[in-house]
Every structure is written in C-alpha cells, then in structure tokens.
Protein chains: 2
Amino acid sequence: MRDTAGTATGLRERKKERTREALVDAAQELFLRKGYDATTIDEIVAAVEVSRRTFFRYFAGKEEVALARAMEFEALFLDALTTRPADEAPLTALRRAGTEVFARVVDEEHDGAGQEFLRMRRMIEDTPVLLAASLRNMIELERRMAAEIARREGLTPGADRRPALLVTLYHSVMRVAMDEWTEGGALEATGLVRIIEDAWDDMGVVLTGRWTADEIPRA
Amino acid sequence: MRDTAGTATGLRERKKERTREALVDAAQELFLRKGYDATTIDEIVAAVEVSRRTFFRYFAGKEEVALARAMEFEALFLDALTTRPADEAPLTALRRAGTEVFARVVDEEHDGAGQEFLRMRRMIEDTPVLLAASLRNMIELERRMAAEIARREGLTPGADRRPALLVTLYHSVMRVAMDEWTEGGALEATGLVRIIEDAWDDMGVVLTGRWTADEIPRA
DNA sequence: AACGGTATGGCACACAGTGCCATATAGCCA
DNA sequence: TGGCTATATGGCACTGTGTGCCATACCGTT
C-alpha cells in the first residue's frame, strides 16, 4: 500500500514522503500496541525524531494519521472503479473494483499485511472516535463513487438518485459481511467471498421476498 | 421531545432535569448562532450559570450535548419499533415506527420545531466531528434495531443476518431521501413522504432491475 | 556563491477533558 | 425541629490536542 502517489522526483519530495510514511508506521505500531487513546502525539514524534509542530504539518490530527492507510485504500478503490470498463453494469463494476483492490492490498504485499489490516480494522471499530471518523470517510467515499457511477452512466449529477442508492446499498452489504467475517475471526479471503455472496442473496430476499410483507409497503 | 423519561419524582431530580434541559437548550442556541466549533463550553455554562465541572457530569463532552436531541429521537424510534404489533412484517414495522415518531416530533410540539429540527440537521451535517459522531450513533441504533427485529421474528440473535441487512437498508434509503429533501430546502412533510416512497421504488430497481446487469452479479 | 522559497523547530496560547478535594444542599430519620 | 448522610456542585491543578507566530536551517536555482 506504499508509494501510492508513485515515485517522488526531487530530494525534498522523497524526504517528505519518507517522513510521512515513518510517522504513519510509528503511529500504527504504537496504536496497536498501546491503544489509540493511550498513545500521545509526543510519543509518535519521538519515535520518528520529528517535532510536534511538524507532525501537524503532515496530518490534521491524531485521527488522520490513524486512518491514513484506510484512506489510501479508499483512494485505490475509487481509482479502480474509474478504470473499470464502461460496458459493465454499475453494480458489477463496483463489486469487481472492490474485490480487485482488496486482493491487491491483502493478498499481495509482504506477508502479514492481511493480519495488520484486520488488526487495524478491529482497533478502529473498538475506538469510538476512530469508528466515527471512518464512517464519515465512508460517506464521503460514497459521494464520490456515486458521482463516478453517474458519470459513467451519462446521468446528470444530482438528477438521479439511483447512483447514491446503489453505492450505499453496496457499502451496507459489505459492512454487514465484513462484520460477520471479522467477528468470526476468519482470516481466509475465501470465507469472506462466500459471506459476501450470501449477504447479497439475503439482501435480495429482504427487499423483495415475503419476509418484508409480500411487497414494499406503502408506509 | 422534552420529558422523555416522564415526570421526575423528587425535588432533586426535577432540578437535575431542568439543569440538563437548560444546558441542551443553551448549547443548541449557541451552536446555531455561532457555529459548533466557535462555541466554547465556558460560554454554554455561563449562559446557564453552572460550573464547567458540572457540565461534564451531565455530558461526556461537547459532542454529546450537541447530539442530545438526536439521541432522544433515536430512543423514541426504538421504543416505537418495540411497541409495533407483532403481526406486521419487519420492514412495515420499521417504516411505520419511523413515520410515527417523525410526525410526533416535527408536526406536533410548539410551532417551529420542524424548523429547528432541520437547522440542527444541517449544522450536524456541516460539522465534520458532529457528522462523524452522529453516524456512529446511527450504527449503534441499527444494532439495537436489528436485535429488536430478530427478537420479534423469533430468531436467534447472531445467527441470521437478515435483520441487520433490513435495518441498514432502511437507514440507507432514509439517508438518501433525507439528503434530497434537505438539499431541496423543502419543509413540507408531504414532500418527504413522496421522496421516501420514490426512493424505495428506485432501490428496488437498483437491486433487482436491469440497471444492475439483469441480475445480481457473482463478483 | 548568493539568493529565494520551503520545511522545520520552538515557543506561547486556547480549549477539551479528568482527578481530587472541599463545600453546600436535598432527603431522611430521630 | 434538628441533625446526619448521601449526593450534587464548585474550584483547582493537570494532561493532551490543536493553532498562530516567528526564527532558523536547508534544498534548489540562478
């Protein structure tokens, strides 16, 4: 998940990139070992030998450094969606972009990346302020994805609510599936794939099946 | 939306309740007038003539006092769901509980309650930290609602994922509908009802219609 | 080699939030 | 009525986050 922006050009740029990565890595290590709240910014900057003031020039706050990797993931996801073939149906493009990026981040990279990914997710989920911020990021990602779906379908941005509904539906299913997967402590990606497919089937049943009352009720 | 917990018994209890209400009201007035970030806790407690230390005995922080009314609303919603007739289908119970509580809070009460409700929603949506916290509250509400749905359907709590999917689907549709309603600046509840129904129809199309690729894709 | 833009460091400060202890007061019992 | 006890409150000191301001060091360029 490193070097997302590609190779830096100047010496200054490279140093900045290294400092930023060092801060994220040191912060994550501390967060996972001591917990988010128990970790102070002073400890993070001490580990990287950077001043406190400099930290705030790289990140707006503690939240941002904690969610840095997650935000990179979201950026990759959005990129993958943008580069999906135009003839794919919206939901198909969404799902394939998701699995594509997920596989690239978790399976690939150095071993243990999947483990760290899962541990970070657990920590975020267990830290109220991080959970809140990550949900806010999700909403923002949904907005951008909906805009992209609208673009690729040739719809005028705010006129059709279907892109927004599709994207939020996708994230809803994914969240329920991820919760179930995480809760089960399962680590194998194949288990997650199965859960996701079952969840989509269940969602179909929930919205259209007899379980809701033979039809979508009119209030 | 006041006196949610019913009439207080002792003199002490009543005074506490009055202090709490005064703090919420003063805070909301300041937040709406000056903005959330620009309002300090010192200003809030000065308006109610209470010490800073006391404030933190009523609320865990600034966020909590800002979202106090929203949390009361959520509690009412959950209550309404719990008292819905058992023969209603889950989604029907959910939608009727929602409209019921919404009508009670916005239409009823003193005039202008709808206006204030809308202004607070806008402020929360425009204040990053409040938006984040309110989304976290939503997730928590979803959990409790899913548990209630599971209970009324006689399902073993963690075994079936349909309650979770149904509840998150409901909130997804409502969020898209509310966004659209708020954005349009519409104030009439009838407009919202129409948007909600249309959104449900669109969601049906999105999940099952040809727009997604003639079927739910298999990854 | 000198210059200009930029990254950094070191304050000082405002504000949120917490722990501790002293004081005041409601509720209760003799 | 008078006193006792539990509880609510206020005051204070302290930690930690986040920001504005200015001096300094360094990269990149001419």
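Every chain is numbered from 1 and lettered A, B, ... according to where its sequence line falls, protein lines coming before strand lines. Please read these numbers as outputs of a predicted model, since none were measured by experiment.
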Within the structure, does a side-chain N or O atom of [X] lie under 4.0 Å from either OP1 or OP2 of [N]?
{"X": "A:Ser51", "N": "C:dT8", "value": "no"}
{"X": "A:Tyr58", "N": "C:dT8", "value": "yes"}
{"X": "A:Thr40", "N": "D:dG16", "value": "no"}

Mind calculating the distance between [atom1] ([X]) and [atom2] ([N]) to the nearest angstrom?
{"X": "A:Lys62", "N": "D:dT15", "atom1": "NZ", "atom2": "P", "value": "16 Å"}
{"X": "B:Glu13", "N": "C:dG27", "atom1": "CD", "atom2": "P", "value": "8 Å"}
{"X": "A:Glu49", "N": "C:dT8", "atom1": "CD", "atom2": "C1'", "value": "14 Å"}
{"X": "A:Phe55", "N": "C:dC11", "atom1": "CZ", "atom2": "C1'", "value": "19 Å"}
{"X": "B:Glu43", "N": "C:dA14", "atom1": "CD", "atom2": "P", "value": "14 Å"}
{"X": "B:Glu64", "N": "C:dA16", "atom1": "CD", "atom2": "P", "value": "15 Å"}
{"X": "A:Arg53", "N": "D:dA23", "atom1": "CZ", "atom2": "P", "value": "16 Å"}
{"X": "A:Phe56", "N": "C:dG10", "atom1": "CZ", "atom2": "P", "value": "15 Å"}

Quiz item: D:dT7, C:dG17, D:dG18: which one has an atom nearest the side-chain heavy atoms of B:Arg12?
Solution: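 Nearest listed nucleotide: D:dT7.
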
Quiz prompt | Selected nucleotide, minimal atom distance to A:Ile41 side chain, candidates C:dA16, D:dC21, D:dG18 | solution = D:dG18

Quiz item: Side chain of A:Arg52, base of D:dG18: donor and acceptor closer than 3.5 Å?
Solution: yes

Quiz item: Taking side chain as C-beta onward, heavy atoms only, is B:Leu118 less than 4.5 Å from B:Trp181?
Solution: yes

Quiz item: Would you call the rings of A:Phe73 and A:Phe102 parallel, tilted or perpendicular, where under 30° means parallel and over 60° means perpendicular?
Solution: perpendicular

Self-check item: Polar contact flag, side-chain donor to acceptor under 3.5 angstrom, A:Arg121-A:Thr182
Solution: yes

Exercise. For the pair B:Glu116 and B:Arg69, find out whether any cationic side-chain nitrogen is under 4.0 Å from an anionic carboxylate oxygen.
Key: no

Quiz item: Is the shortest distance from a Lys or Arg side-chain nitrogen in A:Arg162 or B:Glu180 to a carboxylate oxygen in the other one below 4.0 Å?
Solution: no

Exercise. Hey, which sits more toward the 5' end of DNA chain D by its nearest nucleotide, A:Lys15 or A:Gly61?
Key: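 Looking at DNA chain D, the more 5' nearest nucleotide goes with A:Gly61.
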
Practice problem: Name the nucleic acid region contacted by B:Lys16, choosing base, sugar-phosphate or nothing; use a 4.0 angstrom heavy-atom cut-off, strictly under. | Solution: sugar-phosphate

